[in-house]
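It should be emphasised that the depicted structure is a prediction, and the values quoted were computed from it without experimental measurement.
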Amino acid sequence: MDLKKMMAEVWQNKLIFGILALIIGIIAIVYPGATLGVILILLGVFALLTGLSTVLNAAAMPKGNKTYKLLEGILYIILALIMIIAPFAFAEVLAYIMAAFLILLGLFQIFSLIFVAGTGTKGDSLFPLLTGIIALVLGCVIAIFPGETIEVAMWIIGLFLIIIGLINLLGGLKLKKVIS
């Protein structure tokens with residue numbers, strides 16, 4: 001394949017990717033809940049297929065590690081069914097898990113400063129203090145407003161897709177101009 005033909009395919013692929021990213025990004029911003037629901041259902045289908053595949057593979061295995069693989073497949077299937085049947089409840093549970101993680105992270109960061117306090121390295125305690133406070137505040141915000149936090153996350157993802165879409169769209173058009 002010559003270089004000019006390859007470049008022609010590259011600019012077209014960048015253009016198509018850019019347009020799709022723009023469309024999905026706009027949809028994610030305009031309809032964040034519906035977009036999240038579709039994404040979780042698709043991930044649920046993927047997890048279901050993974051679980052079924054894992055169960056079938058476990059059934060074909062000799063007795064040694066069969067139990068763990070079978071359990072793994074069953075857990076995938078359960079997770080998948082929850083994601084497919086109740087995607088928004090699943091998203092909310094994930095938000096609470098993230099909130100708990102951030103709150104614990106923040107507390108551990110802040111309380112770890114107690115052990116550093118007597119060592120004379122006061123300058124080294126600013127970063128853990130700031131990250132601890134930020135994590136703690138963010139965790140509390142997510143815990144208090146899980147739905148709104150998820151919606152804002154979808155807006156950020158949508159904005160990111162729009163930026164990536166524009167970069168690819170403009171890059172594809174620039175490549176077209178270069179090879180023309």
Report the distance from atom CG of L169 to atom CD1 of I162, rounding to the nearest 0.5 Å.
12.5 Å
Interatomic distance, CG@L136 vs CG@L104, rounded to 0.5 Å, equals 9.5 Å
Grab the two heavy atoms, one from L36 and one from A91, that are nearest each other, plus how far apart they are.
CD2-CB, 3.8 Å
Can you see which heavy atom on G139 is nearest to which on A99, and at what distance?
O-CB, 3.3 Å
Any donor-acceptor N or O pair under 3.5 Å, side chains Q109, T131
yes
Examine I77 and I84 and state if one hydrophobic cluster contains both, with Ile, Leu, Val, Met, Phe, Trp and Tyr joined whenever side-chain heavy atoms are less than 4.5 Å apart.
yes
Under 4.5 Å between side-chain heavy atoms, counting indirect links through other Ile/Leu/Val/Met/Phe/Trp/Tyr residues: same cluster for L107 and I133 or not?
yes
Spacing of CE belonging to M98 relative to CG belonging to L105, to within rounding of 0.5 Å
11.5 Å
Linking I/L/V/M/F/W/Y whenever their side-chain heavy atoms sit closer than 4.5 Å, directly or via other members, would V10 and L15 fall into one cluster?
yes
Shared ILVMFWY cluster between L81 and M83, side chains joined below 4.5 angstrom?
yes
How many angstroms lie between CG in N168 and CH2 in W11, if you round to the nearest 0.5 Å?
13.5 Å
Within the supplied structure, the quantity of interest is the number of heavy atoms (other residues, nucleotides, ligands) at a distance under 6.0 Å from F90 CZ; does it exceed 12?
yes
Mind running side-chain contact (heavy atoms from CB on, under 4.5 Å) on V152 and I156 for me, showing each step along the way?
CA-CA 6 Å; V152 169; I156 292 169; 4.0 Å; yes
Give me the atom names and distance for the closest heavy-atom approach of G172 to K14.
CA-CB, 3.9 Å
Does NZ in K174 sit with more than 12 non-hydrogen atoms of other residues, nucleotides or ligands closer than 6.0 Å?
no
Spell out, yes or no, whether L94 and I157 are grouped together once hydrophobic residues are joined by side-chain heavy atoms under 4.5 Å, including indirect joins.
yes
Write down the atom of W155, the atom of P32, and the distance for their closest heavy-atom approach.
NE1-CG, 3.6 Å
If you define the side chain from C-beta out and look only at heavy atoms, does anything of S53 sit under 4.5 Å from N57?
yes
Please check if the number of heavy atoms outside F108 that lie under 6.0 Å from its CZ is greater than 12.
no
Value for NZ (K69) from CG (L71), rounded to nearest 0.5 Å, stands at 11.0 Å
Could you give me the CA-CA distance, side-chain angles and deciding distance for L161 and L22, then say whether side-chain contact (heavy atoms from CB on, under 4.5 Å) is met?
CA-CA 6 Å; L161 286 170; L22 272 171; over 6 Å; no
Does the pair I150 and F88 meet the rule for a side-chain contact (heavy atoms from CB on, under 4.5 Å), with working shown?
CA-CA 10 Å; I150 294 168; F88 298 110; over 6 Å; no
Tell me, do V45 and L49 make a side-chain contact under 4.5 Å, heavy atoms counted?
yes
Look up atom CD in E151 and atom OG1 in T35, then write down how far apart they are to the nearest 0.5 Å.
10.5 Å
Closest heavy-atom pair and its distance - G44, A80
O-CB, 3.1 Å
Heavy-atom pair with the smallest gap, counting every atom of Y96 and P146
OH-CG, 3.4 Å
The test is side-chain contact (heavy atoms from CB on, under 4.5 Å); show your working for E72 and Y68 and say whether it passes.
CA-CA 6 Å; E72 178 187 347; Y68 297 112; over 6 Å; no
